[in-house]
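Reminder, nothing fancy here: chain letters follow the sequence lines and each chain counts from 1. The basis for the numbers below is simple: all heavy atoms, side chains too, and nothing from hydrogens, waters or symmetry mates.
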Amino acid sequence: MAEDKLTTRAEDFSEWYNQLVIKSDLADYAPVRGCMVVKPYGWALWENITSWLDKEFKATGHVNAAFPTLIPMSFFEKEKDHVEGFAPELAVVTHGGGVELEEKLAVRPTSETIIGHMYSKWVKSWRDLPILIVQWGSVLRWELRTKLFLRTAEFYWHEGHTAHSSAEEAKEEMYRILDIYERFCLEEAALPIIKGTKSETERFAGAHTTTSIEAMMWDKRALQSGTSHYFSTNFAKAFEIQFLNKDNVLQYAETTSWAISSRIIGAMIMVHGDDQGLVLPPRLAPVQAVLVPIYKNDAEKAKVMEVADRIFMELKAAGIRLKMDDRDNVSSGFKFNDWEMRGVPVRVEIGPKDVEKGSVALARRDKPGREGKTFVPQAGLDSAVSGLLVEIQDSLLKRATEYRDANIHDPKDYEELKKVVQDGWAFSYWCESRECETKVKEDAKATTRNIPFNQPETEGTCIVCGKPSKRKVYFAKSY
RNA sequence: CGGGGCGUGGCGCAGUCCGGCUAGCGCGCUUGCUUUGGGAGCAAGAGGCCGUAGGUUCGAAUCCUAUCGCCCCGACCA
């Protein structure tokens, strides 16, 4: 069988990514422009992501609901910035049942409008608030240039939409969600991220404040990996979400929305993946460990499978997500490469020699090839594997954090800033003016990512114009 | 939307400039035998109205016209 090697990251990072998504069996191109088919392996990964988030949302008082895919076009006209932001990328249904529709319907690009409309019906009294609803589903945006997981026309996500009786409460909600996103990234996805506030130009269409989590990919470009928005009363005014407060005064609700999409899978691919393929964090991997029995003939097979089956049961009982690769039509070498391509964190190899010695070969995916392989006793393998999964999870986060920190620079002047953002991030004082932001974009093709929270009380001067500045911002090229 | 590339068995491609006989190749697939500790070997098979629609011609994957779609780069992108 001929080798079927992946383009390396150094050769062509974009090509590496495209090939990897297909070869690792996460997704495939759909016969529809810009759309993807998420294959069972990719969907299993997505389910592990969604189930953790769903549990956290429920634990913080949120409930799930479903709103229509189609939204009356007129709804988009109600919020000025929102329509400007989304009109260019709407797909519109013009006919139904063979008849031209009187009012055209947009396929939802996001659901603030239709949910805002419903909230106006549901909210009459301060007693009706807060409303904390999450919708799981997909949305459609007519993107001009797509890439599997990172930017597809249709993508999967959850969108949280909440309404509150005070600005303070709504802002708290925005930050609470961003904290959940941060914990998800650090604890589950092993993605080091930076929490902060978006600049005015990078803000969500119609938002008062947009906060985000930003991650650095292997090629050092930034990926906005999740957002949490505070709308103040912008959408409440557009959709007339009003209630009588405790003082019997009619007032507008304060709303938020927030999302993490299937794009987060793209982030995991581009942060953890290597030239052998995908590397999945153990906590989210659909298959945490794979067993590969090795034998030459039926006599060996019988002996090996007896041990392999026993180990399989033991590891299964320990709660490890497990797969036995007992395919007879491919060689062991093929299987090793195959599971490495799919990013399975731990591989357990059991051959005739291991049966005799009472050992197994244990290979960890974060150290590819033979260097990640050690021989360990069969006795106590369940705790050895469990321990290794934890170790891999930690080492992925550590490695990604070190990589990110090593590639964030503090340029001395504007000339240096232009240089460093070509292959890294810059963390610099910025006067928060649109002019300076635009200048950086034009000169260096880098944008502001976010202004991180909890900055020290120091002052400096804007890296672009030299005016006094209190806060630093990240500049980077982004996806 | 601008620039570039490409549509030929499931996948990747050759053939197209310069029209010609039964449309090839690699991988994968099926069957059999030998293999299996880092991407196995041999043998025999199955599988195609050459993206679509018109046209030119004795004859079109190949030339002409139109059309649909995909990929890459750029612009755009909560």
Between the protein and nucleotides 68-71 of chain B, list every N/O to N/O distance that falls short of 3.5 Å.
residue	atom	partner	partner atom	Å
C70(B)	OP1	R33(A)	N	3.0

For nucleotides 42-44 of chain B, which of its nitrogen or oxygen atoms have a protein nitrogen or oxygen under 3.5 Å away, and what is each distance?
none

Polar-atom pairs under 3.5 Å, protein N or O versus N or O of nucleotides 75-77 of chain B: list them with distances, or write none.
residue	atom	partner	partner atom	Å
C77(B)	O2	R151(A)	NE	2.4
C77(B)	O2	R151(A)	NH1	3.2
C77(B)	O2	R151(A)	NH2	2.6
C77(B)	N3	R151(A)	NH2	3.3

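Rounded to whole Å, the separation between the P atoms of C6(B) and G10(B) comes to 22 Å. With P as the reference atom, U65(B) and G26(B) are 36 Å apart, rounded to whole Å. To the nearest whole angstrom, the two C1' atoms, one in C76(B) and one in U57(B), are 47 Å apart. Going from the P atom of U16(B) to that of G54(B) covers 26 Å, rounded to whole Å. Nucleotides C42(B) and U35(B) are separated by 11 Å at their C1' atoms, to the nearest Å. Atom name P, nucleotides A60(B) and C17(B): the rounded distance is 14 Å, in whole Å. Only the C1' atoms considered, A23(B) is 14 Å distant from G47(B), to the nearest whole Å. Annotation: G28(B) and U67(B) have their C1' atoms spaced 33 Å apart (nearest Å).
Few gaps surround CD on Q19(A); more than 12 heavy atoms of other groups in view lie less than 6.0 Å from it. Shown here is K147(A), whose NZ atom has more than 12 heavy atoms of other residues, nucleotides or ligands within 6.0 Å.
For K301(A) and U35(B), the NZ to P distance is 15 Å, given to the nearest whole Å. Atom P of nucleotide G39(B) and atom CZ of R327(A) are separated by 15 Å, given to the nearest angstrom. Atom CD in Q19(A) sits about 12 Å away from atom P in C72(B), given to the nearest Å. If you take NZ of K335(A) and P of U35(B), they are 16 Å apart, rounded to a whole angstrom. The CZ-P distance, from R347(A) to G37(B), rounds to 12 Å in whole Å. Put simply, CG on D325(A) is 13 Å from P on G37(B), counting in whole angstrom units. Rounded to whole Å, the distance from CZ on F334(A) to P on G41(B) is 12 Å. Following rounding to the nearest Å, L6(A) (CG) and G39(B) (P) show an atom-to-atom distance of 17 Å.
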Exercise. Dot-bracket for RNA chain B, 5' to 3', with Watson-Crick and G-U pairs under 3.5 Å, [ ] for crossing pairs and | for other-strand pairs: what is it?
Worked result: ((((((((.[[[[.)....(...]]]].((((((.....)))))).....[[[[[..)....]]]]])))))))....
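Looking at which nucleotide of RNA chain B each of E15(A) and I350(A) is closest to, the 5′-most match is held by I350(A). When each of F375(A) and Q224(A) is assigned the nucleotide of RNA chain B bearing its nearest heavy atom, the one mapping closer to the 5' terminus is F375(A).
If you check residues 286-296 of chain A against RNA chain B, the residues with a heavy atom closer than 4.0 Å are I294(A), Y295(A), K296(A), listed by number. Near RNA chain B, meaning a heavy atom under 4.0 Å from it, residues 420-427 of chain A has no residue at all.
In this view, Y156(A) and W43(A) satisfy the ring-ring contact (aromatic ring centres under 6.0 Å, His included) rule, not counting sequence neighbours. The ring-ring contact (aromatic ring centres under 6.0 Å, His included) check on Y29(A) picks up nothing, with sequence neighbours excluded. Shown here are the ring-ring contact (aromatic ring centres under 6.0 Å, His included) partners of Y252(A), two or more places apart in sequence or in another chain: there are none. Applying the ring-ring contact (aromatic ring centres under 6.0 Å, His included) rule to F86(A) yields the partners H82(A), F204(A); only residues at least two apart in sequence or on another chain are considered.
Between the side chain of D354(A) and the base of G37(B), at least one donor-acceptor pair of N or O atoms lies under 3.5 Å.
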Problem set entry | Stepwise ring-ring contact (aromatic ring centres under 6.0 Å, His included) test for F235(A) and Y119(A) | CA-CA 10 Å; F235(A) 278 90; Y119(A) 283 7; over 10 Å; no
For this session: List the steps, then state whether ring-ring contact (aromatic ring centres under 6.0 Å, His included) holds for F184(A) with W52(A).
Result: CA-CA 8 Å; F184(A) 170 78; W52(A) 188 93; 5.6 Å; yes
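K353(A) comes within 4.0 angstrom of a nucleotide base, judged by non-hydrogen atoms across all strands. Looking at heavy-atom distances under 4.0 Å, E340(A) makes contact with a base. In this structure, S14(A) reaches the sugar-phosphate backbone alone: every heavy-atom distance under 4.0 Å involves primed, P, OP1 or OP2 atoms, never a base. No contact: A207(A) has no heavy atom under 4.0 Å from any strand. Among the atoms of the strands shown, none is found under 4.0 Å from any heavy atom of P88(A). Within 4.0 Å of G351(A), counting heavy atoms only, lies at least one base atom of the nucleic acid.
A side chain to side chain contact (heavy atoms under 4.5 Å, CB included) with L278(A) is found for exactly one of V344(A), L26(A), I265(A), namely L26(A). No option in I180(A), L178(A), D179(A) other than D179(A) meets the side chain to side chain contact (heavy atoms under 4.5 Å, CB included) test with E182(A).
For residues 290-313 of chain A, every residue pair satisfying the salt bridge (Lys or Arg N to Asp or Glu O under 4.0 Å) rule, not counting sequence neighbours, is listed here: K301(A)-D328(A), R310(A)-E314(A).
No close placement of the F155(A) and F149(A) rings is indicated, their centers lying 6.0 Å or farther apart. Under the 6.0 Å cut-off for aromatic ring centres, W218(A) and F13(A) qualify, their centroids lying closer than that.
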Contacts table for residues 65-73 of chain A: side-chain donor-acceptor under 3.5 angstrom, sequence neighbours left out:
none

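For the pair R449(A) and Y474(A), the cation does not sit on the ring face, since its NZ or CZ is not both under 6.0 Å from the ring centre and inside 45° of the axis. Seen from the ring of F336(A), R347(A) counts as a face-on cation partner, given the 6.0 Å and 45° thresholds.
Between H62(A) and W258(A), the two ring planes are perpendicular [angle over 60°; tilted spans 30° to 60°].
Looking only at atom types and distance, the side chain of D366(A) has a donor-acceptor partner in the side chain of S395(A) under 3.5 Å away. In the model, E15(A) has no side-chain atom that pairs as donor or acceptor with a side-chain atom of T7(A) under 3.5 Å.
No side-chain heavy atom of W136(A) sits under 4.5 Å from any side-chain heavy atom of E159(A). A heavy-atom distance below 4.5 Å is not found between the side chains of Q422(A) and K445(A).
Distances shown here put every side-chain N or O of S331(A) at or beyond 4.0 Å from the OP1 or OP2 atom of U36(B).
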